[in-house]
Peer 1: 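Got a structure for you, questions after.
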Amino acid sequence: MLNYGYSEEGTPGSVRDLTLWRRILGYSVRYKGALALAIMLALAVSISTLIMPQLMQRGIDDYILATGQASDLRVQGLGRIVLQYSALVVLIFICTFAQMVLLEWVGQSVMHRMRQDLFIHLTSLDLRFFHSQPAGRLVTRLTNDIQNMHEMFTSVMVVLFNEALKLAGIFVFLFWMNARLAMAMFIFAPIALGATWLFSRLARDRFRDIRIQLAKINAFLAENLGGISVIQAFGAQMRSSALFQALNEGYLRRTFSQIKVFGIFMPFTEMLGSIAIAVIVWYGGGEALRGSLTIGELAAFITYMRLFFQPLRELSQNYSIVQSAMASAERIFETLDVRPEILPQAQESGLALAAGAAASGTGGCEIQYRDVDFGYIPDELVLRGVNLTIRPGETVALVGATGAGKTSMIALLTRFYDPVAGAVLICGQDIRTMPLKDLRGRIGLVMQDIFIMPDTVLANIILDQPHDEARLERILSQTGLHRFIERLPEGLQTRIGEGALSLSLGEKQLLSFVRALYRDPEILILDEATASIDSESENLLEQAISAGFANRTSVVIAHRLSTIRRADRIVVMDQGRIVEIGGHDELLARDSRYRELVRIDLQEG
């Protein structure tokens with residue numbers, strides 16, 4: 001992963017970072033024609049702006065003060081100057097409008113592509129990455145940081161060129177008109193440029209502080225709004241409000257600090273510009289009285305000096321935007337450079353098919369855990385020396401106290417993580433040598449926490465699978481889940497999720513089970529699938545589970561005896577180890593850890 005020298009709490013990078021600029025411009029290379037046209041339009045605007053004071057000078061010297069000419073000729077000449085001036089105004093308007101439309105189109109297109117790339121990349125990363133990254137921080141990447149990039153493309157890239165060109169043009173015109181007066185004005189340039197540089201540095205640091213604080217606020221909001229039920233249940237609203245108030249006030253302080261910098265710089269440049277004009281009036285007025293400078297040239301000089309300070313203000317403010325965008329770009333590309341630890345194997349499809357063929361006719365697929373050690377943090381193992389073989393078509397229940405390692409066994413089987421040592425095999429093949437899509441396509445996973453897309457019931461069931469009406473009807477009929485679908489207002493076309501029909505927890509579990517079976521998996525995994533649902537939904541789900549287990553290798557994590565009893569074997573886990581294996585009656589008949597767990601479960605029930 002490339003390191004640009006920036007993190008949320010690190011040192012800000014530099015606008016001179018060529019590596020970063022190459023990657024930023026890489027997103028805009030397909031729009032190089034539009035950007036080139038925008039630069040040409042900016043050039044036309046700058047040249048037109050610089051010509052306008054010259055027209056003013058000609059109007060004053062050649063016509064207004066030309067007392068030797070006839071009045072009608074002077075009026076006609078002024079009319080021509082006004083027409084030329086008006087034509088430039090219209091040209092500037094048209095070019096500026098076209099430039100804004102072009103830059104907005106480029107900026108929106110780049111932002112769309114970058115956000116899409118970032119989202120696709122995030123969905124490909126391992127769960128370990130998301131455990132180390134607050135959700136709010138990732139949301140900031142996809143929203144605020146991408147928006148900063150948009151501002152740079154639309155407000156800065158061509159504007160910086162435009163204003164720099166305008167500054168150079170002003171110097172050329174000033175020295176061409178009157179070199180002595182231009183040299184007198186040149187003493188203001190170092191002061192103005194120094195103030196601009198200082199402002200840019202101060203504004204950059206404050207912009208960065210604001211972005212960091214905003215990321216903290218987003219992370220806090222994502223965590224607290226996601227757990228609002230817990231906050232309300234335990235009366236933690238006041239504490240959450242106090243924590244948010246501290247974050248919010250921190251954001252306010254940083255914003256006011258930025259405003260103070262702007263509040264000092266803007267009046268300072270205005271004051272400097274006023275002093276410069278006063279010097280021009282004093283010195284240039286004397287030159288005009290001595291006949292070394294015309295009144296028109298003096299007026300043009302004053303206009304150019306007014307124009308001189310405007311680009312400085314624009315450059316300083318846009319420099320701050322560039323710094324903010326560069327910081328955002330660093331965060332975006334650092335995220336894009338994160339590589340998943342679990343990489344899909346570039347395996348020939350024949351090998352995957354061979355593994356599938358080994359299971360055909362056996363009613364499922366054999367699962368093996370061989371000397372497996374695993375920890376979410378490498379030095380803190382949660383599974384130690386696990387050895388387990390689950391036969392094809394067998395149903396195995398994993399039981400144990402919270403933290404015993406049951407869910408970790410499932411996480412390894414679905415390859416959300418890889419073991420620290422040992423291997424997990426399906427049909428005799430190490431799953432690390434199988435393409436991820438093939439592996440997960442052969443597993444149907446039903447979890448306690450169900451993901452619901454804001455779409456129809458049908459779309460939530462089939463997901464990435466092709467729509468097969470016959471297969472769906474068969475599953476609904478065999479499992480008895482057609483009764484669940486019939487209760488919905490529009491059946492399979494009922495829209496659910498955010499902004500639509502809200503399903504109960506039991507209904508979500510039923511939907512998740514249909515989703516898993518629709519994949520026609522060789523391996524079915526139920527991770528607390530019947531926890532915390534009502535009796536009616538449980539009865540319906542139990543019927544579906546009985547049908548779903550047929551001809552599949554099934555792994556069940558459950559606390560309810562009704563689900564555990566159905567298992568062919570029960571695997572009892574404790575502190576990351578398998579301590580007992582046997583049937584329900586067999587384990588109850590002896591003084592076992594399982595019997596103790598059943599006793600506790602009955603007491604709690």
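Note that these values count all heavy atoms, side chains included, but never hydrogens, waters or copies made by symmetry.
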Peer 1: Work out which heavy atom in I461 is nearest to a heavy atom in R515; give both atom names and the distance.
Peer 2: O-CG, 3.6 Å
Peer 1: For the side chain of N460 and the backbone of M453, is there at least one donor-acceptor N/O pair under 3.5 Å apart?
Peer 2: yes
Peer 1: To the nearest 0.5 Å, tell me how far I426 CD1 sits from I523 CD1.
Peer 2: 4.0 Å
Peer 1: Working to the nearest 0.5 angstrom, can you tell me the gap between L472 CG and D468 CG?
Peer 2: 8.5 Å
Peer 1: Is R115 reaching over with its side chain to a backbone N or O of M111, donor-acceptor style, under 3.5 angstrom?
Peer 2: no
Peer 1: Mark yes or no for whether R30, through its side chain, and V110, through its backbone, hold a donor-acceptor pair below 3.5 Å.
Peer 2: no
Peer 1: One pair to check against salt bridge (Lys or Arg N to Asp or Glu O under 4.0 Å): D209 and R254. What are the steps and the verdict?
Peer 2: CA-CA 7 Å; D209 289 343; R254 287 162 175 77; 5.3 Å; no
Peer 1: Using only atom types and a distance under 3.5 Å, with no angle test, would you say the side chain of T553 pairs donor to acceptor with the backbone of C365?
Peer 2: yes
Peer 1: For D145 and L118: C-alpha separation, side-chain torsions, deciding distance, then whether side-chain contact (heavy atoms from CB on, under 4.5 Å) applies.
Peer 2: CA-CA 11 Å; D145 286 333; L118 184 57; over 6 Å; no
Peer 1: Can you tell me how far apart CD (E490) and CD1 (I496) are? Round to the nearest 0.5 Å.
Peer 2: 12.0 Å
Peer 1: Quick one: does K406's side chain have a donor or acceptor within less than 3.5 Å of a partner on G400's backbone?
Peer 2: yes
Peer 1: Counting only heavy atoms from other residues, nucleotides and ligands, does the tally under 6.0 Å from CZ of F119 exceed 12?
Peer 2: no
Peer 1: Test side-chain contact (heavy atoms from CB on, under 4.5 Å) on L526 and F513; report intermediate values, then the result.
Peer 2: CA-CA 9 Å; L526 304 182; F513 197 74; 3.7 Å; yes
Peer 1: Show, in sequence, the C-alpha distance, side-chain angles and deciding distance for M409 and V372, and conclude whether the side-chain contact (heavy atoms from CB on, under 4.5 Å) test is met.
Peer 2: CA-CA 9 Å; M409 296 277 285; V372 170; over 6 Å; no
Peer 1: May I ask you to test the I210-Y251 pair for a side-chain heavy-atom distance under 4.5 Å?
Peer 2: yes
Peer 1: Do the non-hydrogen side-chain atoms of R432 and P419 ever get within less than 4.5 Å of each other?
Peer 2: yes
Peer 1: Return yes if a side-chain donor-acceptor contact under 3.5 Å exists between Y417 and S408, otherwise no.
Peer 2: no
Peer 1: Between S477 and E473, is there a donor-acceptor pair closer than 3.5 Å when you use the side chain of the first and the backbone of the second?
Peer 2: no
Peer 1: Can you tell me how far apart OH (Y369) and CD1 (I390) are? Round to the nearest 0.5 Å.
Peer 2: 6.0 Å
Peer 1: Do F130 and L138 come within less than 4.5 Å of each other through their side chains, counting heavy atoms only?
Peer 2: yes
Peer 1: Might you confirm whether atom CZ of R239 has over 12 heavy atoms from other residues, nucleotides or ligands at distances under 6.0 Å?
Peer 2: no
Peer 1: Taking all atoms of both residues into account, what is the closest heavy-atom pair of L336 and R23, and its distance?
Peer 2: CB-NH2, 4.4 Å
Peer 1: Any non-hydrogen side-chain atom of V514 less than 4.5 Å from a side-chain atom of I485?
Peer 2: no
Peer 1: Rounded to the nearest 0.5 Å, how far does CG of D418 lie from CD1 of I431?
Peer 2: 7.0 Å
Peer 1: Checking the side chain of R471 only, and the main-chain atoms of Y518 only, is there a donor and an acceptor separated by less than 3.5 Å?
Peer 2: yes
Peer 1: Any chance you could measure R440, atom CZ, to R519, atom CZ, to the nearest 0.5 Å?
Peer 2: 10.5 Å
Peer 1: Do D373 side-chain atoms and G385 backbone N/O form a donor-acceptor pair below 3.5 Å?
Peer 2: yes
Peer 1: Provide the closest heavy-atom pair for L142 versus I146 in the form atom of the first, atom of the second, distance.
Peer 2: O-CG1, 3.6 Å
Peer 1: More than 12 foreign heavy atoms under 6.0 Å from CD of Q108: is that the case here?
Peer 2: yes
Peer 1: Between V420 and G375, which heavy-atom pair has the shortest distance, and what is it?
Peer 2: CG2-N, 3.8 Å
Peer 1: Does N224 reach the main-chain N or O of F220 with its side chain, forming a donor-acceptor pair under 3.5 Å?
Peer 2: yes
Peer 1: Show the nearest heavy-atom pair for residues R415 and M434, with the distance to one decimal.
Peer 2: NH1-O, 4.4 Å
Peer 1: Going by the angle between their ring planes, with limits at 30° and 60°, are F333 and Y27 parallel, tilted or perpendicular?
Peer 2: tilted
Peer 1: Just jot down the salt bridge (charged side-chain N to carboxylate O under 4.0 Å, His left out) partners of R128, sequence neighbours excluded, or say none.
Peer 2: E341
Peer 1: What is the minimum heavy-atom distance between V106 and A34, and which atoms define it?
Peer 2: CG2-CB, 3.8 Å
Peer 1: Any side-chain heavy-atom pair from Q368 and Q429 closer than 4.5 angstrom?
Peer 2: no
Peer 1: I'd like to check V555 versus L398 (side-chain heavy atoms, cut-off strictly below 4.5 Å). Are they in contact?
Peer 2: yes
Peer 1: Between I581 and L388, is the side-chain contact (heavy atoms from CB on, under 4.5 Å) condition met? List the steps.
Peer 2: CA-CA 10 Å; I581 300 179; L388 176 66; 4.0 Å; yes
Peer 1: Do L103 and L35 come within less than 4.5 Å of each other through their side chains, counting heavy atoms only?
Peer 2: yes
Peer 1: Would you indicate whether H467, at its atom NE2, is surrounded by more than 12 heavy atoms from other residues, nucleotides or ligands within a distance under 6.0 Å?
Peer 2: yes
